[in-house]
There are 2 protein chains.
Amino acid sequence: MVTHGIRGPGGRSGGRPTLEEVAARAGVGRGTVSRVVNGSPRVSQETRAAVEAAVDELGYVPNRAARALAANRTDAIALVVPEVESRFFAEPYFSDIVRGVGAALDSTEMQLLLTIVGNDRERSRLARYLAGNRVDGVLLVSVHADDPLPELLVQLDIPVVLSGRRSADEPLAWVDADNVAGARGAVAHLISRGRRTIGTITGLLDVYGAQCRLDGYRQALVEAGLDADEGLVAPADFTEEGGRRAMEELLDRRPALDAVFVASDVMAAGARQVLRERGRTVPGDVALVGFDDSAIAHRMDPPLTSVRWPIEEMGREMTRLLLAEIADRRPAGAPGDDDRRRIVLPTELVPRTSS
Amino acid sequence: MVTHGIRGPGGRSGGRPTLEEVAARAGVGRGTVSRVVNGSPRVSQETRAAVEAAVDELGYVPNRAARALAANRTDAIALVVPEVESRFFAEPYFSDIVRGVGAALDSTEMQLLLTIVGNDRERSRLARYLAGNRVDGVLLVSVHADDPLPELLVQLDIPVVLSGRRSADEPLAWVDADNVAGARGAVAHLISRGRRTIGTITGLLDVYGAQCRLDGYRQALVEAGLDADEGLVAPADFTEEGGRRAMEELLDRRPALDAVFVASDVMAAGARQVLRERGRTVPGDVALVGFDDSAIAHRMDPPLTSVRWPIEEMGREMTRLLLAEIADRRPAGAPGDDDRRRIVLPTELVPRTSS
DNA sequence: ATCACACATGGGAGCGCTCCCACAGTACCT
DNA sequence: AGGTACTGTGGGAGCGCTCCCATGTGTGAT
């Protein structure tokens with residue numbers, strides 16, 4: 001009957017122990033072993049001990065596929081990262097997020113599935129993939145407002161957590177840095193240093209976070225009773241080149257500029273080059289504050305004051321949220337306590353010589 | 001009998017179509033659908049077409065867990081990254097590797113499982129995990145010579161590919177950059193620019209790649225008939241601070257130094273600071289060449305000449321190798337063609353102002 | 001026509017789990 | 001004493017596939 005026994009060539013049969021073998025060894029039934037392995041309380045002390053002993057002796061590790069098939073869950077979550085982001089966000093952004101996620105998963109049986117989506121073809125492959133019901137939840141890194149993925153996941157009834165919101169009233173669960181407060185603090189810092197004509201270089205304004213940083217900038221000016229002159233706002237796109245162009249624009253429009261809050265370090269690097277080319281000293285003539293506290297900030301000349309946001313912690317919190325949502329999964333309908341599903345993490349100003 | 005039907009609360013039952021349903025729809029048997037889905041040639045044209053139509057209409061996606069259970073394979077590979085590496089190798093190292101791996105997996109059904117191992121506890125958890133037979137293969141990024149993981153995988157008979165070798169006669173499959181040639185080219189470049197007293201700052205010499213870079217340095221000197229004076233070699237540890245110390249040492253020992261080949265850009269950044277502090281101009285007094293061509297290289301002042309190695313391509317090649325090994329899996333014993341299992345990728349000198 | 005052999009196909013058995021029902025044993029009430 | 005209500009346990013059924021054997025069905029050689 002055991003026609004199977006020896007699987008085709010190469011098939012690792014070696015014989016990892018099965019539940020049944022553990023049960024035999026411990027002198028109990030399959031159900032009981034399953035209960036012990038899964039930490040059910042409905043097992044007596046002695047039985048539990050006997051089973052645990054058998055598990056140890058045999059070196060039993062549950063077969064994930066079998067479990068997934070029987071229980072209709074996968075014990076895996078996917079981290080979806082748009083390729084673009086993996087490239088140019090704050091330099092260590094990607095690895096920091098991953099490290100945070102990994103840390104949060106560490107005490108779990110969950111495994112992390114990584115997906116980089118570049119083009120649209122890959123995007124639809126992913127959609128197909130997720131539709132195949134192969135993960136218990138999804139972490140979505142920096143989705144853009146027009147991305148169809150979140151909607152799809154909602155329809156498939158798969159738990160999602162976003163890093164960053166797509167808008168002020170993001171309906172999905174999310175974890176975000178306090179961009180407004182971070183920007184406000186940075187600008188307040190410039191004001192406290194006596195700067196009065198403070199410009200800003202923004203990120204892509206259809207990214208909600210970029211919008212928030214601009215808002216924070218404005219709030220700080222208003223709070224200080226300064227003029228929030230629109231001529232002081234130069235929109236850019238998070239790239240170094242964009243930062244260059246915006247800085248030139250700003251300098252042309254407002255020669256008396258004495259400080260700039262730049263919405264990313266990379267753009268700040270571009271801006272700094274322009275200042276040097278135009279013979280403005282930093283921080284003498286123009287003070288500079290960046291955002292992200294990325295690797296380049298402390299290597300700039302002079303080292304760049306920047307706003308740090310806790311990327312690794314974001315990864316951790318996203319994962320916590322997701323795991324909770326997976327565990328909770330109400331009988332459907334009950335969407336859960338909304339306050340539990342949105343987390344704002346504080347930022348921190350890292351003062352250096354540029355301001 | 002269908003006691004199961006409605007799974008516990010929250011259980012997505014929604015009803016993704018199964019093989020059987022597709023079979024019914026196409027008016028064929030289960031086996032046939034399986035054959036079509038898995039691309040077996042032993043199916044007639046018409047039948048194939050009918051099945052494919054049914055698959056499309058129903059939006060059928062095979063259930064991975066069921067497949068894994070039945071076929072005793074997982075269609076997943078793990079990428080294991082030591083936490084340390086994710087932190088400080090050439091800045092975008094981690095994401096580049098991942099991107100390469102992702103690209104190679106793109107046309108496959110394989111999924112990528114990411115594991116960051118930090119401490120030893122996590123390391124043994126991983127061992128346990130892999131022992132549980134949950135992946136078809138493993139990519140190991142920058143293993144150290146004393147890491148027990150490779151051995152374990154060999155014992156478990158799980159295919160492995162390393163990025164970088166642990167020694168000259170690495171028995172496992174690997175993909176590595178041509179560190180020797182890269183270093184030799186860098187130093188030859190310095191010589192061609194008229195430099196004669198060329199020092200080097202090495203990485204941790206128990207890392208094989210660091211050793212190779214040192215060898216390349218020596219070869220270039222010998223080829224040019226220059227003196228390979230050991231006083232010109234300053235060992236460091238891949239950190240910026242290590243680079244600083246090594247540079248100071250070098251300057252103290254050989255004041256006439258007119259060039260330095262540094263085995264990583266990060267160390268070069270440290271070295272550059274020391275040169276500035278000591279009033280040596282770059283490249284006027286001392287020419288500098290780094291290694292990795294990381295993000296900081298082109299941002300240094302002056303921009304740093306560096307040796308680029310194709311990280312993303314390494315990820316791709318590792319994956320190719322691993323997939324091939326998984327597909328091949330001889331009836332055991334036959335270890336396969338060794339030349340197929342080791343790949344050396346060329347490096348490229350990126351000249352900038354520092355040399 | 002007859003046999004041999006290929007190819008195409010259907011479907012049973014089994015992968016290792018979880019879920020749940022049934023059943024024993026014990027404890028507590030009336 | 002009988003009833004009720006647990007708690008602990010065993011094991012059948014089933015998750016959705018792959019594998020393989022058995023059964024047609026067609027082709028060419030004899």
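Letters go in sequence order (proteins before strands), and every chain restarts at 1. Given the structure is predicted, the values throughout are model-derived calculations rather than measurements.
Sorted by first and then second residue, the side chain to side chain donor-acceptor pair (under 3.5 Å) pairs involving residues 58-71 of chain A (not counting sequence neighbours) are A:N38-A:R67.
Within residues 25-44 of chain B, the residues approached by DNA chain D to less than 4.0 Å at the level of any non-hydrogen atom are B:R30, B:S34, B:R35, B:N38, in residue-number order. Scanning residues 50-68 of chain A for heavy-atom distances under 4.0 Å to DNA chain C yields A:Y60, A:P62, A:N63, A:A66, A:R67.
Atom pair A:N72:CG and D:dG14:C1' shows a separation of 12 Å (rounding to whole Å applied). Atom CZ of A:R16 and atom C1' of C:dG16 are 14 Å apart (whole Å). Look at CD on B:E20: it is 12 Å from C1' on C:dG12, rounded to the nearest Å. The distance from atom CD of A:Q45 to atom P of D:dG8 is 10 Å, rounded to the nearest whole Å. In this structure, the CG atom of B:L69 is 18 Å from the P atom of C:dA13, given to the nearest Å.
Each end of the helix from C:dA1-D:dT30 to C:dT30-D:dA1 yields a helix axis from five base pairs, and these two axes differ in direction by 40° (to the nearest 10 degrees).
For B:R123, the side chain to side chain donor-acceptor pair (under 3.5 Å) partners two or more places apart in sequence, or in a different chain, are B:D147. Residues passing the side chain to side chain donor-acceptor pair (under 3.5 Å) test with B:R35, sequence neighbours excluded: none. In terms of the side chain to side chain contact (heavy atoms under 4.5 Å, CB included) criterion, residue partners of A:R121 (sequence neighbours excluded) are, by chain and number, A:N119, B:D106. Taking the side chain to side chain contact (heavy atoms under 4.5 Å, CB included) definition, one finds that B:L152 meets it with B:A127, B:L149, B:L156, sequence neighbours left out. When the side chain to side chain donor-acceptor pair (under 3.5 Å) test is applied to B:T47, the partners found at least two apart in sequence or on another chain are B:S44. In terms of the side chain to side chain contact (heavy atoms under 4.5 Å, CB included) criterion, residue partners of B:A173 (sequence neighbours excluded) are, by chain and number, B:V161, B:L321, B:E325, B:R341. Residues that satisfy the side chain to side chain contact (heavy atoms under 4.5 Å, CB included) test with A:A50, not counting sequence neighbours, are absent from this structure. Residues forming a side chain to side chain donor-acceptor pair (under 3.5 Å) with B:R25 (at least two apart in sequence, or on another chain): B:E57.
Residue A:M314 comes nearest to A:S163 through the heavy atom pair CE-CB, 4.0 Å, listed as atom of the first residue, atom of the second, then distance. Across all their heavy atoms, B:A26 and B:V51 have their closest contact at CB-CA, 3.9 Å.
Listed candidates were C:dT18, D:dT18, C:dA8. Nearest to the side chain of A:L19 is C:dT18.
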